[in-house]
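Just so we're clear, the structure is a prediction, and the values are computed from it rather than from any experiment. Every heavy atom of this structure was used, including side-chain atoms; hydrogens, water molecules and symmetry mates were not.
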Amino acid sequence: MSARFDAIGLVVSDMAASVAFYRRLGFALPEGAETQGHVEAALPGGLRLLLDTEEVVRSFHPDWEPPKGGGRTSLALRCDGPADVDTLFAGMVDAGSRAELAPWDAVWGQRYAVLLDPDGNGVDLFAPLPPAGE
């Protein structure tokens, strides 16, 4: 028997807000997803992003409670280039998304920024920096 990585699931408190956030990042969520309890978006490589409302989770796990404190989960989205990190970050913040860390040149050689989705999950934006001297 073997298992293979197939999907990333997030529990959301407000489906409409989460759908709007992830659509702004380019995720293809179906029409009408804002009113559903469970939605899926196909990701490159055959993976899927799954969004489930708290009510749906409680329908099969009645004692489930949202985690307390800071987030421990993040999604990392690779941008085409360093300027795209800045552009996407600014566009998301202008649209009302919460900024965790403004774009900066990280010591590990990437332009990096962090947004928070409506439930406080980190969404990292990154792109490789050009080699020094270019």
Side-chain angles (χ1 to χ4, degrees):
M1 177 180 159
S2 66
R4 66 180 178 86
F5 188 47
D6 183 72
I8 300 161
L10 299 175
V11 179
V12 303
S13 58
D14 181 338
M15 184 64 81
S18 294
V19 166
F21 176 86
Y22 285 104
R23 279 185 178 149
R24 280 192 300 274
L25 286 171
F27 288 76
L29 291 156
E31 285 299 317
E34 300 84 354
T35 63
Q36 302 299 308
H38 170 86
V39 296
E40 300 184 11
L43 303 175
L47 293 175
R48 299 171 295 143
L49 175 67
L50 314 177
L51 303 179
D52 288 288
T53 63
E54 293 174 356
E55 293 77 18
V56 164
V57 172
R58 285 192 190 103
S59 75
F60 59 85
H61 187 355
D63 296 328
W64 181 85
E65 292 294 329
K68 306 284 189 268
R72 293 179 180 237
T73 301
S74 67
L75 304 177
L77 306 179
R78 183 179 178 142
C79 297
D80 290 333
D84 297 315
V85 171
D86 294 13
T87 300
L88 182 55
F89 181 88
M92 293 295 292
V93 170
D94 288 347
S97 297
R98 293 182 292 164
E100 175 78 356
L101 294 171
W104 84 98
D105 291 343
V107 298
W108 54 86
Q110 294 175 330
R111 185 72 174 163
Y112 219 90
V114 181
L115 298 164
L116 296 177
D117 79 1
D119 291 290
N121 296 304
V123 177
D124 303 355
L125 308 175
F126 72 95
L129 290 169
E134 282 189 28

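- The main-chain N or O of Val93 is never found under 3.5 Å from a side-chain atom of Ser97 such that the two would form a donor-acceptor pair.
- Closest heavy-atom contact between Arg111 and Pro82: CG-O, 3.7 Å.
- For Arg78, the CZ atom is loosely surrounded, since the number of other residues' heavy atoms within 6.0 Å does not exceed 12.
- Side-chain contact between Leu75 and Ile8: present, with at least one pair of heavy atoms (C-beta onward) separated by less than 4.5 Å.
- Pairing each heavy atom of Ala127 with each of Cys79, the nearest pair is CB-O, 3.6 Å.
- Residues Leu116 and Val123 fall into different hydrophobic clusters, defined by Ile, Leu, Val, Met, Phe, Trp and Tyr side chains chained together at heavy-atom separations under 4.5 Å.
- We find the CG-CG distance between Leu125 and Asp84 to be 10.5 Å, quoted to the nearest 0.5 Å.
- You'll find the side chain of Leu77 reaches within 4.5 Å of the side chain of Phe27, heavy atoms only.
- The shortest side-chain heavy-atom distance between Val12 and Phe21 does not fall under the 4.5 Å cut-off.
- In plain terms, the two heavy atoms of Asp105 and Leu129 that are nearest each other are OD1-CD2, 3.5 Å.
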Asp117 and Leu10: side-chain contact (heavy atoms from CB on, under 4.5 Å), yes or no, with the steps? CA-CA 11 Å; Asp117 79 1; Leu10 299 175; 4.1 Å; yes
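- Within the 3.5 Å criterion, the main-chain N or O of Val56 finds a donor-acceptor partner in the side chain of Ser59.
- Ser18 places no side-chain N or O within 3.5 Å of a backbone atom of Met15 that could act as its donor or acceptor partner.
- Here the closest non-hydrogen pair linking Ala113 and Ala102 is CB-C, 4.2 Å.
- Here CG of Leu43 is found 9.5 Å from CZ of Arg48. Values are rounded to the nearest 0.5 Å.
- By the 30° and 60° cut-offs, the orientation of the rings of Phe126 relative to Tyr112 is parallel.
- Using a 4.5 Å heavy-atom cutoff, the side chains of Leu25 and Met92 are in contact.
- A donor-acceptor pair is defined here as one N or O able to donate and one able to accept, closer than 3.5 Å; no such pair exists between the side chain of Asp119 and the backbone of Asn121.
- Grouping the Ile, Leu, Val, Met, Phe, Trp and Tyr side chains by contacts below 4.5 angstrom, directly or via other members, places Phe60 with Val11.
- The heavy-atom pair separating Ala7 from Phe5 by the smallest distance is O-CE1, 3.5 Å.
- Of all heavy-atom pairs between Arg98 and Gly120, the closest is NH2-N, 3.2 Å.
- Residues Phe89 and Val114 have side chains not in contact (no heavy-atom distance under 4.5 Å, counting atoms from C-beta outward).
- Criterion: ILVMFWY side-chain heavy atoms under 4.5 Å apart, direct or through other members. Under it, Leu50 and Val39 are not part of a common hydrophobic cluster.
- Looking only at distances, a side-chain donor or acceptor of Arg23 sits under 3.5 Å from a matching main-chain atom of Leu29.
- Judged by distance alone, the side chain of Asp86 and the main-chain N or O of Ala83 form no donor-acceptor pair under 3.5 Å.
- In this structure, a donor-acceptor pair under 3.5 Å is present between the side chains of His38 and Glu40.
- In this structure, the side chains of Trp104 and Leu101 come closer than 4.5 Å at one or more pairs of heavy atoms.
- Here the straight-line distance linking atom CG of Leu115 with atom CG of Leu88 works out to 7.0 Å at 0.5 Å rounding.
- Between Arg58 and Glu65, some side-chain heavy-atom pair lies under the 4.5 Å cut-off.
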